[in-house]
Amino acid sequence: MMLTIKKRRSALQILAVISIVSLTACGPRGPRDLRKGERLIASGHYVEAIPVLGEGVELLSGSPGVVQANAWNLLGLAYQGAGQPDAAARAYLQALKLDRNLWAADYNLGCLRMEQANFSEAIDYLTTYTTSHPKDTNGFLLLGRARLKLAMEHSGAERDWQLDNARLDFEYAEKLHTTAEGCNALGLLALQRRVSSSERVRVAIDFFKLALQRDAQYPPALLNLAIVQQRYLNNPRQALETYREYLALQPTPPQAKEVEKLAHQLDISLRVTITPHAAEHPSPPPVASTNSNPPPQMPPPPVENPVPKPVTPPTVKAAPAEKPAVSPHLPPAPTSPPSHAVAPSPAPPVAQANPSTNGAGTETAVVNPPEERKSTFAQKLNPLNWFSRSKKTNTTESASGSETVNVDRYTYPLPVTPIPGDRKQAEQFTRQGRQAEHQGNRTEAMRNYQEAIKADPTYFEAGLALGLAAIDAKDYPAALDALGQALTVDANSADARYAFAWVLGKRGYYQDAANELDKLLSVHPQEVRAHLLLGNFYADNLDQQKLAREQYLKALELIDPQSAQAAVLRAWLDQHP
């Protein structure tokens with residue numbers, strides 16, 4: 001919260017205020033320009049404020065140093081808001097030259113250096129500020145944030161030293177005033193501790209949950225909790241629920257667009273990833289591990305909220321901005337990919353046979369017994385499932401789950417150009433369908449998706465959603481129709497093409513499924529799941545070991561070569577030269 005005049009005035013500041021007010025009452029142009037500039041800054045018109053404040057600074061050049069310093073500080077705020085950091089820095093430094101006790105300029109310079117990722121200088125200015133204001137919670141939160149960011153740029157002793165200092169700053173801020181920001185930051189620091197994985201994750205989760213107890217609407221803690229659930233606990237379903245809670249926040253959180261895409265990709269990923277049956281082959285072809293090839297939809301660290309820009313009236317030395325959100329980058333897991341905004345595609349299939357997760361988030365492979373067991377929805381679209389039966393099998397599962405005679409080739413429907421309809425109505429039906437699906441009412445969900453397609457046949461999301469829901473219902477003919485229609489709208493969709501190919505394979509149309517995967521890989525050559533599924537079709541159903549080998553070699557290039565699954569992949573390739 002902006003520091004108020006009553007809380008932050010010193011005796012010298014009060015005199016400075018009286019001096020400026022007296023000048024303003026007389027109406028000379030200098031103070032009048034500062035008041036006008038202040039109003040422009042408050043309304044966000046930073047560019048317009050610059051010439052007004054510049055003229056005011058010139059007119060006040062003969063005034064006492066404390067008055068000039070306040071004017072220069074205000075000009076610095078205008079430059080900073082207008083995106084001119086160098087000019088802002090010169091103005092703040094001039095303010096400190098005129099009045100070294102102008103703590104607002106130190107704080108503002110700290111904010112500016114944070115924006116410029118110059119964390120060392122930010123720490124210097126913020127240390128000066130907090131030394132003179134030892135009871136200001138926001139100052140210590142921002143100082144701890146700067147130290148944490150600097151620690152991420154170093155390694156070894158320097159990193160540890162900065163992390164320790166950051167922890168001390170956040171803990172001291174907590175003693176001054178308990179906040180969601182402080183708990184969120186301490187949760188991030190817990191993930192950097194040199195303790196067991198399970199312990200640091202447990203502590204981090206406790207801090208994130210405590211932050212949400214203090215402020216249930218605090219976006220960084222909710223988003224960080226979801227990321228830990230997905231990245232460290234390997235619990236994508238719980239993570240998806242938490243992402244949805246984040247998206248439901250009002251007002252809309254700053255990263256809503258990125259998280260919405262991420263949640264959508266994770267939802268699809270859960271539909272195309274399975275826990276496989278025990279393989280009947282003595283040397284089952286390998287598939288990519290979630291650990292060996294981190295899923296592309298794996299969340300990047302949250303984008304840090306903009307550094308607060310305090311707006312300071314000329315009669316008051318600048319106060320810190322209202323509650324700066326402490327949401328530093330979430331430290332990456334040992335196997336996480338480089339940070340990026342939003343991943344381009346869903347995850348490749350899970351590698352382990354029936355993976356289970358221990359408290360530390362690590363996976364152990366448990367082989368399922370060979371007897372029949374009911375497949376869950378997540379067990380439908382993974383390539384490994386094709387190796388749980390003999391190559392000679394020539395049956396496929398019907399919509400009711402019974403076995404029917406396989407037909408070799410799929411008869412594609414005649415192409416029809418969809419005609420645009422009522423997009424808003426289609427979007428509304430799709431939202432209702434997703435809500436019904438989330439509540440477990442699959443029939444109602446499919447009905448809504450069908451209405452959405454009727455309202456606007458060109459709405460891709462409705463077609464894809466209906467296709468995936470039909471897969472869940474084992475209505476594979478309906479899934480093929482819906483996914484095929486979705487592909488007429490967006491032929492380059494990796495999600496729709498992959499699901500379409502999987503259903504073709506499920507129906508026994510292996511050659512058509514392979515053709516669809518070839519189309520997918522021509523547009524998305526880095527899709528590991530597509531290489532694996534195509535390799536599986538070649539190896540297990542089409543009896544083309546050479547082509548299978550080519551696909552597995554490409555998959556091997558895209559996964560972590562040190563992973564256990566990569567070793568399995570190489571072993572299969574050695575057995576099939």
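- Nearest heavy atoms, Cys183 versus Ala211: CB-CB, 3.6 Å.
- Pro31 has its side chain within reach of Leu60: a pair of non-hydrogen atoms, C-beta onward, lies under 4.5 Å apart.
- A salt bridge links Arg202 with Glu199: the closest approach of a Lys/Arg side-chain nitrogen to an acidic carboxylate oxygen falls below 4.0 angstrom.
- One finds a salt bridge joining Arg167 and Glu171 here, because a Lys/Arg side-chain nitrogen approaches an Asp/Glu carboxylate oxygen to under 4.0 Å.
- In this structure, the side chains of Asp136 and His177 stay at 4.5 Å or more apart for every pair of heavy atoms.
- Looking only at side-chain heavy atoms (C-beta outward), Tyr246 and Gln255 come within less than 4.5 Å of each other.
- Salt-bridge check for Glu181 with Arg214: failed, with every basic side-chain N at 4.0 Å or more from each acidic carboxylate O.
- At least one side-chain heavy atom of Leu148 sits under 4.5 Å from a side-chain heavy atom of Met152.
- Nearest heavy atoms, Ala105 versus Ala95: CB-CB, 4.4 Å.
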Q: In sequence, state the C-alpha distance, the side-chain angles, and the governing distance for Arg193 and Asp160, and then conclude on salt bridge (Lys or Arg N to Asp or Glu O under 4.0 Å).
A: CA-CA 9 Å; Arg193 293 175 58 192; Asp160 293 341; over 6 Å; no
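- Between Leu74 and Val57 there is no side-chain heavy-atom pair separated by less than 4.5 Å.
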(Q) Quick one, Tyr107 with His133, criterion side-chain contact (heavy atoms from CB on, under 4.5 Å). Give me CA distance, side-chain angles, the key distance, then yes/no. (A) CA-CA 11 Å; Tyr107 183 91; His133 294 77; over 6 Å; no
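- At least one donor-acceptor pair closer than 3.5 Å links the side chain of Asn70 to the backbone N or O of Val66.
- Between Arg244 and Glu241 there is a salt bridge, since at least one side-chain N of the basic residue sits less than 4.0 Å from a carboxylate O of the acidic one.
- Atom CG of Asn73 and atom CG of Asn108 lie 5.0 Å apart (nearest 0.5 Å).
- Under the 3.5 Å distance criterion, the side-chain polar atoms of Thr128 are matched with a main-chain donor or acceptor of Asp124.
- The main-chain N or O of Arg113 is never found under 3.5 Å from a side-chain atom of Glu121 such that the two would form a donor-acceptor pair.
- Each of Leu141, Thr137, Asn138 was evaluated against Leu176; a single residue qualifies, Thr137, per the side-chain contact (heavy atoms from CB on, under 4.5 Å) test.
- A donor-acceptor pair under 3.5 Å is formed between the side chain of His531 and the backbone N or O of Pro525.
- The number of heavy-atom neighbours closer than 6.0 Å to CD of Glu260, taken from other residues, nucleotides and ligands shown, is 12 or below.
- Between the side chains of Tyr243 and Gln230, at least one donor N or O lies within less than 3.5 Å of an accepting N or O.
- Leu150 CG to Gln162 CD: the interatomic distance, rounded to the nearest 0.5 Å, is 4.5 Å.
- Counting all heavy atoms, side chain and backbone alike, Met114 lies closest to Ala146 at SD-CB, 3.4 Å.
- The pair Arg90-Asp86 fails the salt-bridge criterion, with no side-chain N (NZ, NE, NH1 or NH2) lying under 4.0 Å from an Asp/Glu carboxylate O.
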Q: Go through the steps for His154 and Leu163 under the test side-chain contact (heavy atoms from CB on, under 4.5 Å), then give the verdict.
A: CA-CA 10 Å; His154 293 277; Leu163 288 174; over 6 Å; no
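- Between Asp267 and Arg237, none of the side-chain N atoms (NZ, or NE/NH1/NH2) sits under 4.0 Å from a carboxylate O, so this pair counts as no salt bridge.
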Q.
Determine whether Leu96 and Asn101 satisfy the following criterion, side-chain contact (heavy atoms from CB on, under 4.5 Å), listing intermediate values before the conclusion.
A. CA-CA 7 Å; Leu96 289 174; Asn101 294 320; over 6 Å; no
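- For the atom pair Leu40 CG and Leu77 CG, the distance stands at 13.0 Å (nearest 0.5 Å).
- Rounding to the nearest 0.5 angstrom, the gap separating the CG atom in Asn224 from the OH atom in Tyr218 is 8.5 Å.
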Q.
Quick one, Leu112 with Gln116, criterion side-chain contact (heavy atoms from CB on, under 4.5 Å). Give me CA distance, side-chain angles, the key distance, then yes/no.
A. CA-CA 6 Å; Leu112 179 63; Gln116 297 174 310; 4.0 Å; yes
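- Minimum interatomic distance between Ala263 and Leu240 (heavy atoms only, all atoms of both residues): O-CD1, 3.4 Å.
- Here the CZ atom belonging to Phe208 is positioned 9.5 Å from the CG atom belonging to Leu186, to the nearest 0.5 angstrom.
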Q) Stepwise, does the salt bridge (Lys or Arg N to Asp or Glu O under 4.0 Å) test hold for Arg431 with Glu461? A) CA-CA 10 Å; Arg431 285 193 296 269; Glu461 296 296 335; over 6 Å; no
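- Scanning all heavy atoms of the two residues, the minimum distance from Val228 to Leu191 falls at CG2-CD1, 4.1 Å.
- With sequence neighbours excluded, no residue satisfies side-chain hydrogen bond (donor to acceptor under 3.5 Å, both in side chains) with Asp33.
- Side-chain atoms of Thr242 and Gln229 form a donor-acceptor pair, as typed in the model, at a separation below 3.5 Å.
- Cation-pi geometry between Arg529 and Tyr498 is met: the NZ or CZ atom falls under 6.0 Å from the ring centre, inside 45° of the normal.
- One N or O on the side chain of Thr179 and one on the backbone of Gly182 form a donor-acceptor pair closer than 3.5 Å.
- The heavy-atom pair separating Ser63 from Gln68 by the smallest distance is O-NE2, 2.7 Å.
- When each of Asn165, Asn118, Asp169, Leu143 is checked for a side-chain contact (heavy atoms from CB on, under 4.5 Å) with Ile123, only Leu143 meets the rule.
- A side-chain contact (heavy atoms from CB on, under 4.5 Å) with Trp72 is found for one member of Leu98, Leu53, Val67 and no other, namely Leu98.
- For the pair Thr178 (side chain) and Glu174 (backbone), a donor-acceptor distance under 3.5 Å is absent.
- Gln80 and Tyr92 share a side-chain donor-acceptor pair at under 3.5 Å.
- Here the CD atom belonging to Gln526 is positioned 5.0 Å from the CG atom belonging to Leu558, to the nearest 0.5 angstrom.
- In this structure the side chain of Leu233 never reaches within 4.5 angstrom of the side chain of Gln238, judged on heavy atoms.
- Between the side chains of Arg159 and Gln192, at least one donor N or O sits under 3.5 Å from an acceptor N or O.
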